[in-house]
Amino acid sequence: MLSTLLAFLGACTLIAASPGPSTVLIIRQSLQSRRAGFLTVLGNETGVFVWGVVAAFGLTALLAASEMAYDVMRVVGAVVLVAFGVQMLWQARRAKGVADDGLGEGGGKSGWASYRTGLLINLANPKAAIFAMSFLPQFVPEGAPHLPTMVGLAALWAVYEIGYYSLYVWFVGRMKTVLSRAGVRRRLEQVSGGVLLLLGARLALES
């Protein structure tokens with residue numbers, strides 16, 4: 001059991017270290033404040049847990065089997081990513097003529113908005129659902145009750161990633177003096193927005 005858990009946590013580390021829309025969003029939100037970054041992490045990991053539970057009940061198999069359902073989620077996910085990307089690019093454009101005020105109007109974003117943003121970008125990703133379905137069963141020990149073990153692994157996955165991504169939030173906070181400079185911040189907004197636009201376009205165009 002211990003070796004299985006170590007292998008599982010190692011796999012979780014590799015997953016979290018892989019760059020994706022959640023990583024981009026967490027870093028960007030952390031520029032506002034550590035609170036915004038951490039709440040974005042909590043929202044994202046709530047999504048991870050939700051997909052894990054859905055996978056435990058076998059519901060993601062329906063998504064994988066239904067091309068129409070997957071395509072609907074794929075298009076919705078692409079729209080969400082593109083919307084976030086456009087928003088970031090627009091804020092970067094506005095920042096050219098705005099004083100350093102904490103990411104413009106985004107600096108006053110509520111905690112609920114940060115949490116919701118993290119949750120939405122995770123739940124809008126159909127690949128996360130399919131991945132959870134294929135990932136978690138590999139670590140269910142032989143003879144163990146499938147449903148509670150899968151739910152427990154989903155919870156462990158989410159909690160572990162909260163700790164992992166909190167390091168990102170902490171690091172961005174430590175670097176905030178440099179990253180908060182108007183030019184650097186604007187460039188980060190542009191890069192983040194561009195990455196999300198590309199990810200959204202790729203998701204929309206994939207067959």
Residue pairs fulfilling ring pair (Phe, Tyr, Trp, His ring centres under 6.0 Å) with at least one residue in residues 7-27, sequence neighbours excluded: Phe8-Phe135, Phe8-Phe139

Using the side chain to side chain contact (heavy atoms under 4.5 Å, CB included) criterion, which residues pair with [X]? Sequence neighbours excluded.
X: Pro148; value: Pro145
X: Asn122; value: Ser22, Asn44, Val48, Trp51, Ala128
X: Ile27; value: Thr23, Tyr168, Val172
X: Val169; value: Ile26, Ser30, Arg34, Val41

Pairs involving residues 132-149, ordered by first then second residue, that meet side chain to side chain donor-acceptor pair (under 3.5 Å) (sequence neighbours left out): none

Interatomic distance, Arg116 atom CZ to Ile121 atom CD1 [nearest 0.5 angstrom]: 13.0 Å

Tyr115 side, atom OH; Leu120 side, atom CG - distance, nearest 0.5 Å: 12.0 Å

Distance-minimising heavy-atom pair for Ala16 and Tyr165: O-OH, 3.2 Å

Nearest non-hydrogen partners of Pro137 and Ala132, listed with the distance: CD-O, 3.9 Å

Verdict with reasoning, Phe131 to Asn125, per side-chain contact (heavy atoms from CB on, under 4.5 Å): CA-CA 10 Å; Phe131 180 79; Asn125 185 4; over 6 Å; no

Please tabulate, for the side chains in residues 150-162, all donor-acceptor contacts under 3.5 angstrom to protein atoms that are two or more places apart in sequence or on a different chain.
residue, atom, partner, partner atom, Å
Trp157, NE1, Glu161, OE2, 3.0
Tyr160, OH, Thr13, OG1, 2.4

With Ser33 via side-chain hydrogen bond (donor to acceptor under 3.5 Å, both in side chains) - residues at least two apart: none

Which atom pairs, donor and acceptor, lie under 3.5 Å between side-chain atoms of residues 193-201 and protein residues at least two apart or in another chain?
none

